[in-house]
Engineer: 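Handing you a structure now.
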Amino acid sequence: MFFGYMKSTPTTYVMQYRDGEVVREGAGLSFLYWKPATTLVAVPLSSADVPFAFNEVTRDFQPVTIQGQLTYRVEDARRLAGLLDYSITPAGRHRSDDPEKLSDRLVQAAQVRARAVVQSLRLREVLVQSDMLEARVLAALAEAESVKALGVHVMAFSVLSIQPTPEMARALEAAAREGLQREADEAIYARRNAAVEQERRIKESELATELVVEERQRQIREAKMAADIAVEEQRAALMERWVQNERQSADARAYTLEKTLAPVKNVDWKTLLATSANGADPALHIALAFREMGENAQRIGELNVSPDLLRSLLPAASGPRGNNPGPAPKPGRPDVHNFDPRDR
């Protein structure tokens, strides 16, 4: 049959060429055409994802492998059809492999922009700054003339992984492990230091409490000592006043005694004894006589004392004086003793 029927989807841009000219174009068209004189071109308008993986070298000369995907869609189908062959057979297949070359060209353009970014960064920066890499590559693709010439709009540049060499990965893991271990040790030391600091604060608080208690006890002891000193001072004042009173009392008694004995100061004691109340006692006179004889014994040649005389003296010495308490004291001041010649 020489007639064909074309029915495209809304995401496919179809152009019908006849004698080198476009006679019909658009998305989602349906029409009959004369096969011997018609060439059909079908350009997909839907977005497409293209995976990529390429190796680059960082600023510090470390190789890395970047994997991800590129998302794009065709904005100017006529321009793209003018650069690549998107003609199809009556069976609906593309006549050439040019549609596959579009993905390769976009990946190459993305690799060139990514290389410029990676070579400006160190390995550690590349591994941890994938977001920055995506943003810079996507902005560079949007401004690239090679991409604009294809009539394609790059919608996204996504980096799924960035891998260094196995040796460098192990070295970075070891360094990171050591860093984490060091941070863990620092955390342990910080916790220990915090515990020691807290213990020190507790000890200082206990010492401060003990100092306050000692200060209070010292104040209490000082208060007690001050009270004892005040009591002793009052006691000393009392003793001083008592001594003064006793001295005045003794002076008064001495004055009374002196005035009492003043009249008989120059009188012989024998005279006083004779004139006293006991002066008439015979035994007393006999005793005085014996005393006089004792004092003048060197003048006495021989002395005879009869037993009768001694017998008469014994009852007088032990009887009347022992049973008779003597005359009652004369009334007077209680603190002044009455004078008695026998006290001498």
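The structure displayed is predicted, hence computed values, not measured ones.
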Engineer: Does one hydrophobic cluster hold both Leu83 and Tyr17, with members joined at side-chain heavy-atom distances below 4.5 Å?
Structural biologist: yes
Engineer: For the side chain of Glu134 and the backbone of Val159, is there at least one donor-acceptor N/O pair under 3.5 Å apart?
Structural biologist: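 Here the side-chain-to-backbone pair exists.
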Engineer: Do Glu125 side-chain atoms and Arg122 backbone N/O form a donor-acceptor pair below 3.5 Å?
Structural biologist: yes
Engineer: Count the heavy atoms of every other residue, nucleotide or ligand shown that sit under 6.0 Å from OH of Tyr5, and state whether that count exceeds 12.
Structural biologist: yes
Engineer: What's the verdict on salt bridge (Lys or Arg N to Asp or Glu O under 4.0 Å) for Lys101 and Asp104, showing C-alpha distance, side-chain angles and the deciding distance?
Structural biologist: CA-CA 5 Å; Lys101 294 180 179 179; Asp104 296 337; over 6 Å; no
Engineer: Tell me whether Arg170 is salt-bridged to Glu173, with the criterion being a basic N under 4.0 Å from an acidic carboxylate O.
Structural biologist: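 Salt bridge flag = no for Glu173 with Arg170.
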Engineer: Would you give the length of the straight line joining atom CZ of Phe54 to atom CD of Gln111, rounded to the nearest 0.5 angstrom?
Structural biologist: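 The CD atom of Gln111 is 5.5 Å from CZ of Phe54, to the nearest 0.5 Å.
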Engineer: Can you find a pair of side-chain heavy atoms, one from Pro63 and one from Asn55, that are under 4.5 Å apart?
Structural biologist: no
Engineer: Decide yes or no on side chain to side chain contact (heavy atoms under 4.5 Å, CB included) for Leu121 and Gln129, but give the supporting numbers first.
Structural biologist: CA-CA 9 Å; Leu121 301 174; Gln129 296 183 8; 4.3 Å; yes
Engineer: Out of curiosity, does Val154 fall in the hydrophobic cluster containing Val107 (side-chain heavy atoms, cut-off under 4.5 Å, transitive links)?
Structural biologist: yes
Engineer: What pair of heavy atoms forms the shortest contact from Arg79 to Leu150, and how long is it?
Structural biologist: CD-C, 4.3 Å
Engineer: Can you name the nearest heavy-atom pair linking Ala156 to Leu70, along with the distance?
Structural biologist: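 Distance-wise, the nearest heavy atoms are O-CD1, 3.4 Å.
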Engineer: Any chance you could measure Lys224, atom NZ, to Gln219, atom CD, to the nearest 0.5 Å?
Structural biologist: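 Atom-to-atom, Lys224:NZ and Gln219:CD are 13.5 Å apart.
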Engineer: Does any non-hydrogen side-chain atom of Glu199 lie less than 4.5 Å from one of Val196?
Structural biologist: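 The answer is no, as the side chains (C-beta and beyond) never meet within the 4.5 Å cut-off.
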Engineer: Please report the interatomic distance CD1(Ile66) to CD(Glu56), rounded to the nearest 0.5 Å.
Structural biologist: 6.0 Å
Engineer: Show the nearest heavy-atom pair for residues Thr71 and Ser47, with the distance to one decimal.
Structural biologist: CG2-CB, 4.4 Å
Engineer: Evaluate whether atom CZ of Arg24 has more than 12 neighbouring non-hydrogen atoms of other residues, nucleotides or ligands under 6.0 angstrom away.
Structural biologist: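 It does: Arg24 CZ has more than 12 such atoms within range.
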Engineer: Can you tell me if Thr38 uses its side chain to pair, donor with acceptor, with the backbone of Trp34 under 3.5 Å?
Structural biologist: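 Present.
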Engineer: Would a line drawn from the ring center of Phe52 to the ring center of Phe157 be shorter than 6.0 Å?
Structural biologist: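 Yes - the distance between ring centres of Phe52 and Phe157 falls below the 6.0 Å cut-off.
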Engineer: Between atom CZ of Arg73 and atom CG of Leu45, what is the distance when rounded to the nearest 0.5 Å?
Structural biologist: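 The CZ atom of Arg73 sits 7.0 Å away from the CG atom of Leu45.
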Engineer: Name all residues meeting the side chain to side chain donor-acceptor pair (under 3.5 Å) criterion together with Asn193; count only those two or more places apart in sequence or in a different chain, and write none if there are none.
Structural biologist: none
Engineer: What verdict does the side chain to side chain contact (heavy atoms under 4.5 Å, CB included) test give for Leu133 and Ile162, after you've listed the backbone C-alpha separation in whole Å, the side-chain angles of each residue and the deciding distance to 0.1 Å?
Structural biologist: CA-CA 11 Å; Leu133 176 63; Ile162 302 176; 4.1 Å; yes
Engineer: Establish, from distance only, whether the side-chain atoms of Arg253 and Ser249 form a donor-acceptor pair under 3.5 Å.
Structural biologist: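 There is such a pair between these side chains.
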Engineer: Classify the side-chain pair Gln16/Tyr33 by whether it contains a donor and acceptor separated by less than 3.5 Å.
Structural biologist: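 Not at all, the side chains of Gln16 and Tyr33 share no donor-acceptor pair under 3.5 Å.
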Engineer: How about Glu143 and Lys148: do any of their side-chain heavy atoms sit closer than 4.5 Å?
Structural biologist: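 Heavy-atom side-chain distance check passes, below 4.5 Å.
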Engineer: Could you walk me through whether Arg105 and Leu84 pass side chain to side chain contact (heavy atoms under 4.5 Å, CB included), step by step?
Structural biologist: CA-CA 11 Å; Arg105 291 185 181 183; Leu84 298 175; 3.8 Å; yes
Engineer: Are Met168 and Thr165 side-chain neighbours, meaning at least one heavy-atom pair lies under 4.5 Å?
Structural biologist: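 Yes - at least one pair of side-chain heavy atoms lies under 4.5 Å apart.
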Engineer: Hey, are the side chains of Val57 and Val118 touching, using non-hydrogen atoms and a 4.5 Å cut-off?
Structural biologist: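 A side-chain contact is absent here, since even the closest heavy-atom pair is not under 4.5 Å.
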Engineer: Answer yes if Met132 and Leu141 sit in the same cluster of Ile, Leu, Val, Met, Phe, Trp and Tyr residues linked by side chain heavy atoms under 4.5 Å apart, and no otherwise.
Structural biologist: yes
Engineer: Does a side-chain N-to-carboxylate-O contact under 4.0 Å join Arg200 and Glu204?
Structural biologist: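 A salt bridge links Arg200 with Glu204.
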Engineer: Determine the sole option in Arg216, Glu215, Gln217, Glu210 for which the side-chain contact (heavy atoms from CB on, under 4.5 Å) test with Val213 is passed.
Structural biologist: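 Exactly one option meets the side-chain contact (heavy atoms from CB on, under 4.5 Å) with Val213, and it is Gln217.
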Engineer: Side chains of Gln67 and Gln163: any donor to acceptor distance under 3.5 Å?
Structural biologist: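 Their side chains do not contain a donor-acceptor pair, so the 3.5 Å distance test is not met.
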Engineer: Using the side chain to side chain contact (heavy atoms under 4.5 Å, CB included) rule, take Val41 and Ile88 through it: C-alpha gap first, then chi angles, then the decisive distance, then the call.
Structural biologist: CA-CA 6 Å; Val41 175; Ile88 59 174; over 6 Å; no
Engineer: Test your reading of the model: is there a side-chain donor-acceptor pair from Asp60 to the backbone of Leu123, 3.5 Å cut-off?
Structural biologist: yes
Engineer: Just by distance, do the side chain of Thr12 and the backbone of Ser8 share a donor-acceptor pair under 3.5 Å?
Structural biologist: no
Engineer: What's the spacing between Lys7 NZ and Leu29 CG if we round to 0.5 Å?
Structural biologist: 12.5 Å
Engineer: Please report whether the ring centroid of His94 lies less than 6.0 Å from that of Tyr86.
Structural biologist: yes
Engineer: Closest heavy-atom contact between Met15 and Ala77?
Structural biologist: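 So the minimum-distance heavy-atom pair works out to CE-O, 4.4 Å.
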Engineer: State, to 0.1 Å, how close Arg59 and Ser120 come at their nearest heavy-atom pair, and which atoms those are.
Structural biologist: CD-O, 3.9 Å
Engineer: Please walk me through it: do Glu222 and Arg218 pass salt bridge (Lys or Arg N to Asp or Glu O under 4.0 Å)?
Structural biologist: CA-CA 6 Å; Glu222 291 179 353; Arg218 184 183 64 81; 2.2 Å; yes
Engineer: Run the salt-bridge test on Asp185 and Arg182 with the 4.0 Å N-O cut-off and return the result as yes or no.
Structural biologist: no
Engineer: Identify whether Met6 and Val22 are in the same connected component of the hydrophobic contact network (ILVMFWY, side-chain heavy atoms under 4.5 Å).
Structural biologist: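 No, because Met6 and Val22 fall into different hydrophobic clusters, even though each may have its own neighbours under 4.5 Å.
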Engineer: Taking the side chain as C-beta and beyond, is there a heavy-atom pair between Glu232 and Ile229 under 4.5 Å?
Structural biologist: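 No. Closest side-chain heavy atoms not under 4.5 Å.
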Engineer: Do Leu138 and Leu102 belong together in a cluster built from hydrophobic side chains that touch within less than 4.5 Å?
Structural biologist: yes
Engineer: Identify the two heavy atoms, one from Leu172 and one from Pro164, that lie closest to each other, and give their separation to 0.1 Å.
Structural biologist: CD1-CG, 4.4 Å
Engineer: Indicate yes or no for a side-chain donor-acceptor contact from Ser103 to the backbone of Val50 under 3.5 Å, with no hydrogens or angles considered.
Structural biologist: no
Engineer: Starting at CG of Asp228, measure out to CZ of Arg235 and round the result to the nearest 0.5 Å.
Structural biologist: 9.5 Å
